[in-house]
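Quick note: numbers below take in every heavy atom, side chains included, and nothing from hydrogens, waters or symmetry partners.
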Amino acid sequence: MSKTPSIRDMLYEEPGPKTKKQIRVITLFAILLLAALLAVVIRQFYITGQFAPRYWYFFGRWTTWRFLGQGLLVTLEAAVTGSIIAFLLGFVLMRGKLQKNKIIRGASVCLIEFTRGVPTLLFIYFFFLVVPQTGWKLSAFWKITLPCAISACGVVAEALRSGVNAVPKGQSEAALSLGLTKTRTFYKVVFPQAIRFVIPSLIAELVIVLKDTTFAYIVTCADLMQNAKVLISNYDAMLSVYLVVALIYILINYLLNKLSDRLADRLKQNPAERSAA
Amino acid sequence: MTQNEVPIIELKNINKHFGDLHVLKDISLKVNKGEVVVIIGPSGSGKSTLCRTINRLETIDSGQILLEGVPIPEEGRQLAELRSKIGMVFQAFNLFSHMTIIDNMTLAPVDVLKMPRREAREEAMKLLERVGVADQAKKVPAQLSGGQQQRAAIARALAMHPKVMLFDEPTSALDPEMIGEVLNVMTELASDGMTMLIVTHEMNFARHVADRVIFMDSGSIVEQADPEAFFSNPQTERAKIFLESITRN
């Protein structure tokens, strides 16, 4: 073992718990790979002159950031509004799917499958091209927000339904045995527990809605993506702008995921299981 | 006991199938006011199902269920109203896990009986005191032991001032050292004159607390007797075999 250990040596011959070591090795390997990849990319950027000041100087102006900020605000507004609408529609569809009445249930199932199956882009084109012909005038904001909401509502409905089904049957039996009606049982006992189960998947859906709003440029709604495109054509700087915008999107979605973890932890039924933070 | 003519609970010719399995075979049964009826029998005999049909948590194929002479309908507002007069205690406690104990206690009195919240709380605390878990009122169910949870569940049912209490194997999910505390609460309830129908495997409890023992096997009531007579001198062959099999352990 006096020789410098190769990766192979570390994997098979070093003492200690095997799995622990494997993880360490794979992590190291991954970091090296990433570093190498990053180096290649940076080198390529350098060679092609992407670091030239003319691609970056405008990020030193606060007007650039204000412009991007305005776009970001529209993006967030569309994502939040769209998510709220998706939640409300999804809730109605979920209630519909859990009804005894066959017609209501059938219609809900069809709508859920339809909205889940059709790509968001098609809904956007529908609101962009078809809806105006009916004489219904919508602002650019709603032309992006509504299709994003509709495209998400079926998924939300299914997520909520899985949450409702995950609530033990004894919970509703206990409520019914105390004389609560079916409806009161649902709102007082079943749904409050169901929502706790599905918060992570609901937030994941919020992330998808947020990403779907990047199609806003199609309907010329001035969201972050659209404003980024304006910057690109103004300064003829594609890569730098896309890079910065991508970082902004990543940051927001990262924060959303953190929020989801926090919420899931907060809502644990036994306070003793919550993490100290 | 002035109303002995009208039983609190009356079942008339109840039949139920699970697919091909005939789980309740033409069961008729009366429970009078103040009576403590214990149902025993081997597992799969339909005793739990019978208990759950009384407040229609299980559907039935035919037959009638009456509460103080009033038929309990299959669904709707009247069913909810009649259910509120029948307390039920489950094997798995079924406390609402997203609520504190005190909120568990007050939900139905406020929601169903339209009791003012403060009044409901005061009464809830008295009941929790009575079953010995008043100090747990602000905790959620998961923080309580099984025995504490079941006692709180009994208190929750009592908060509705039920005409009768149904117990569906209330101690089967408990550790041995917690069974006693729950049975004590039930014994006290019985001596206070509560009408009770209890499905249980606790033979000692049945023997000492019950006014009447009902022995069920494969969907039928095989034998009914007062506990002393039943345990010391069972009349049917099946009851004899059952009692032998449990005393052997």
Side-chain angles (χ1 to χ4, degrees), chain A residues 91 94-95 98-102 104-105 159-202 260 262-276, chain B residues 51-52 54-58 72 75-100 103-114 138-144 149 152-153 156-168 173:
Chain A
F91 184 83
M94 175 272 289
R95 287 293 279 165
L98 293 174
Q99 289 294 317
K100 269 193 190 151
N101 184 308
K102 272 187 186 153
I104 297 176
R105 198 173 61 215
L160 290 175
R161 195 182 59 95
S162 74
V164 166
N165 286 344
V167 176
K169 215 166 173 255
Q171 294 285 310
S172 51
E173 284 181 351
L176 291 172
S177 80
L178 287 165
L180 272 75
T181 58
K182 271 189 189 170
T183 315
R184 298 296 289 165
T185 297
F186 182 82
Y187 285 105
K188 282 292 199 180
V189 174
V190 178
F191 193 66
Q193 297 188 50
I195 197 82
R196 287 163 161 79
F197 293 134
V198 296
I199 277 195
S201 38
L202 287 181
S260 155
R262 267 281 188 80
L263 270 175
D265 194 51
R266 263 282 189 81
L267 292 171
K268 277 197 187 131
Q269 281 160 358
N270 185 352
E273 286 169 22
R274 289 173 199 155
S275 57
Chain B
C51 184
R52 290 161 52 81
I54 292 172
N55 64 2
R56 299 252 187 204
L57 287 180
E58 293 283 350
I72 303 179
E75 55 185 356
R77 209 155 256 288
Q78 208 203 343
L79 170 61
E81 201 190 309
L82 291 176
R83 270 175 175 162
S84 74
K85 298 177 183 168
I86 306 173
M88 180 140 188
V89 176
F90 300 85
Q91 182 178 347
F93 329 136
N94 294 349
L95 290 171
F96 307 129
S97 50
H98 62 304
M99 292 180 185
T100 58
D103 289 341
N104 262 278
M105 297 286 297
T106 55
L107 174 67
V110 171
D111 202 83
V112 180
L113 304 179
K114 311 291 174 205
K138 296 217 169 86
K139 294 186 183 166
V140 293
Q143 292 171 291
L144 272 62
Q149 287 191 51
R156 179 178 70 176
L158 290 175
M160 295 297 286
H161 305 290
K163 307 258 185 201
V164 54
M165 288 280 282
L166 309 176
F167 293 83
D168 183 10

If you take all heavy atoms of [X] and [Y], which pair is closest and at what distance?
X	Y	value
B/Phe96	A/Ala174	CE2-CB, 3.9 Å
B/Asn55	A/Ser177	ND2-CB, 3.6 Å
B/Val112	A/Leu178	CG2-O, 4.0 Å
B/Ser97	A/Gln171	N-OE1, 3.3 Å

Problem - Contact residues of residues 181-188 of chain A (partner chain B; heavy-atom separation under 4.5 angstrom) - result: A/Thr181, A/Arg184, A/Lys188

[X] versus chain A, heavy atoms under 4.5 Å apart: side chain, backbone, both or neither?
X	value
B/Phe90	side chain
B/Leu95	backbone
B/Glu75	side chain

Fill in the blank from the handout: In this structure, CZ of B/Arg56 is separated from CG of A/Leu176 (nearest 0.5 Å) by 13.5 Å

Handout entry: Side chain A/Glu173, main chain B/Leu57, donor-acceptor under 3.5 Å
Key =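 Not confirmed, A/Glu173 side chain does not pair with B/Leu57 backbone.
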
Exercise for the section: Without swapping roles, check the side chain of B/Asn94 against the backbone of A/Gly170 for a donor-acceptor pair under 3.5 Å. Expected result: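 Yes, because the side chain of B/Asn94 sits within donor-acceptor range (under 3.5 Å) of the backbone of A/Gly170.
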
Handout entry: With sequence neighbours excluded, residues passing side-chain hydrogen bond (donor to acceptor under 3.5 Å, both in side chains) with B/Asp168
Key =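 By the side-chain hydrogen bond (donor to acceptor under 3.5 Å, both in side chains) rule, B/Asp168 matches B/Ser48.
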
Handout entry: Contacts of type side-chain hydrogen bond (donor to acceptor under 3.5 Å, both in side chains), residue B/Asn104, not counting sequence neighbours
Key = B/Arg156

Practice task
Quick one: list whatever passes salt bridge (Lys or Arg N to Asp or Glu O under 4.0 Å) with A/Arg95, sequence neighbours left out.
Solution key: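 Not a single residue meets the salt bridge (Lys or Arg N to Asp or Glu O under 4.0 Å) criterion with A/Arg95.
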
Handout entry: Among B/Leu79, B/Leu113, B/Leu107, residue most engaged with chain A (heavy-atom pairs, under 4.5 Å)
Key = B/Leu107

